[in-house]
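Here the structure is laid out as structure tokens; the discussion comes afterwards.
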Amino acid sequence: VGVFGIITGRLTDKYGARILIVTGAIMGGAGYLLMSQVSSLWQLYLYFGIIVGICAASCWTPIMATVSRLFVKQRILALGIVMSGITIGTMFIPPMIASVITAQGWRFAFFPSFLLFSFSLLKSLRRAILSLKLTFNLGSEISHSNSLAAVASCITLKYSGPFGLR
């Protein structure tokens, strides 16, 4: 996330969080789908290291920036809730993926991750379409019930990788 986080932070300020999160989710889904077809080590570095790395930065940075902007009075509590998504994701997803690896092999194990990304993306797109008034730019009107739902759906985008890797 490091170097890409700096880039996605600037892009979030310029274009808003929604487009970066959706783009990141598409890249993450494609990266996991491509990882199921890896035949050499350089492909794994490219697909996981670069494509999924960009996905992680494209989801993580805008989510943290959005939560910081939306919650002024209880910002620390809101950020703590978002951070707890990391713990929950890394606690439950790795054992599930490990059981898939045991049963079906490592190549097939990337496919459920792709499905999680796709499901989360569709869920986020649906919420974005239903809440067109929700924007993540400063000075905009924000419907807090929709913004919490959008942030919650974005959290699932980030934490669906195998073995808790981001």
Side-chain angles (χ1 to χ4, degrees), residues 1-9 11-12 15-67 78-131 136 146-166:
V1 176
V3 174
F4 297 125
I6 297 168
I7 296 167
T8 57
L11 291 173
T12 300
Y15 298 109
R18 189 179 306 153
I19 192 160
L20 256 69
I21 292 170
V22 170
T23 303
I26 291 169
M27 289 185 71
Y32 280 113
L33 190 61
L34 289 169
M35 282 192 293
S36 69
Q37 305 301 315
V38 166
S39 61
S40 64
L41 190 57
W42 71 267
Q43 291 173 328
L44 180 66
Y45 290 149
L46 174 67
Y47 301 151
F48 191 77
I50 304 297
I51 295 175
V52 176
I54 291 172
C55 162
S58 296
C59 293
W60 177 248
T61 305
I63 288 170
M64 296 306 286
T66 301
V67 170
L79 289 170
I81 291 169
V82 171
M83 293 294 293
S84 68
I86 298 169
T87 308
I88 292 169
T90 56
M91 190 169 70
F92 290 111
I93 298 297
M96 291 181 350
I97 297 297
S99 65
V100 172
I101 290 172
T102 303
Q104 301 291 327
W106 68 270
R107 286 186 187 273
F108 184 79
F110 288 113
F111 191 70
S113 297
F114 164 72
L115 292 177
L116 285 171
F117 265 95
S118 300
F119 175 74
S120 298
L121 176 63
L122 291 174
K123 191 172 165 184
S124 296
L125 285 175
R126 182 180 155 268
R127 287 181 193 216
I129 290 169
L130 291 177
S131 61
F136 295 131
N146 288 338
S147 63
L148 287 174
V151 170
S153 68
C154 293
I155 291 170
T156 60
L157 290 175
K158 173 80 173 75
Y159 304 107
S160 57
F163 310 109
L165 296 175
R166 290 170 213 87

**Item:** Pairing residues for Q43 by the side-chain hydrogen bond (donor to acceptor under 3.5 Å, both in side chains) criterion, not counting sequence neighbours
**Value:** S39
**Prompt:** How far does CZ of F48 sit from CG of L34, to the nearest 0.5 angstrom?
**Reply:** 13.5 Å
**Request:** Taking the side chain as every heavy atom from C-beta outward, state whether Y32 and F111 have any pair of such atoms under 4.5 Å apart.
**Result:** no
**Request:** Over all heavy atoms of both residues, which pair between A17 and T66 is shortest? Give the atoms and the distance, please.
**Result:** CB-OG1, 3.4 Å
**Request:** Report the residues that fulfil side-chain contact (heavy atoms from CB on, under 4.5 Å) with A78, sequence neighbours left out, ordered by chain and then residue number.
**Result:** V67, F71
**Nearest heavy atoms of W106 and M35, plus distance in Å** = CZ3-O, 3.8 Å
**Request:** Of all the heavy-atom pairs spanning T12 and P62, show the shortest one and how long it is.
**Result:** OG1-CG, 3.3 Å
**Request:** Check side-chain hydrogen bond (donor to acceptor under 3.5 Å, both in side chains) between T102 and all other residues, then give those that pass, not counting sequence neighbours.
**Result:** none
**Request:** Look up atom CG in L41 and atom CG in L46, then write down how far apart they are to the nearest 0.5 Å.
**Result:** 11.5 Å
**Fill in**
Distance col, row I97:CD1 vs F108:CZ, nearest 0.5 angstrom, shows 10.0 Å
**Item:** Over all atoms of both residues, closest heavy-atom pair of M83 and M64
**Value:** SD-CE, 4.0 Å
**Asked** When rounded to the nearest 0.5 angstrom, what is the spacing between CD1 in I63 and CG in L79?
**Response** 11.5 Å
**Prompt:** Roughly how far, to the nearest 0.5 Å, is the CD atom of Q104 from the OG atom of S99?
**Reply:** 10.0 Å
**Prompt:** Going from CG on L20 to OG1 on T61, what distance comes out if it is rounded to the nearest 0.5 angstrom?
**Reply:** 8.5 Å
**Asked** Taking all atoms of both residues into account, what is the closest heavy-atom pair of A25 and C59, and its distance?
**Response** N-SG, 4.3 Å
**Qualifying residues under side-chain contact (heavy atoms from CB on, under 4.5 Å), relative to I54, sequence neighbours excluded** = F4, M27, I50, S58
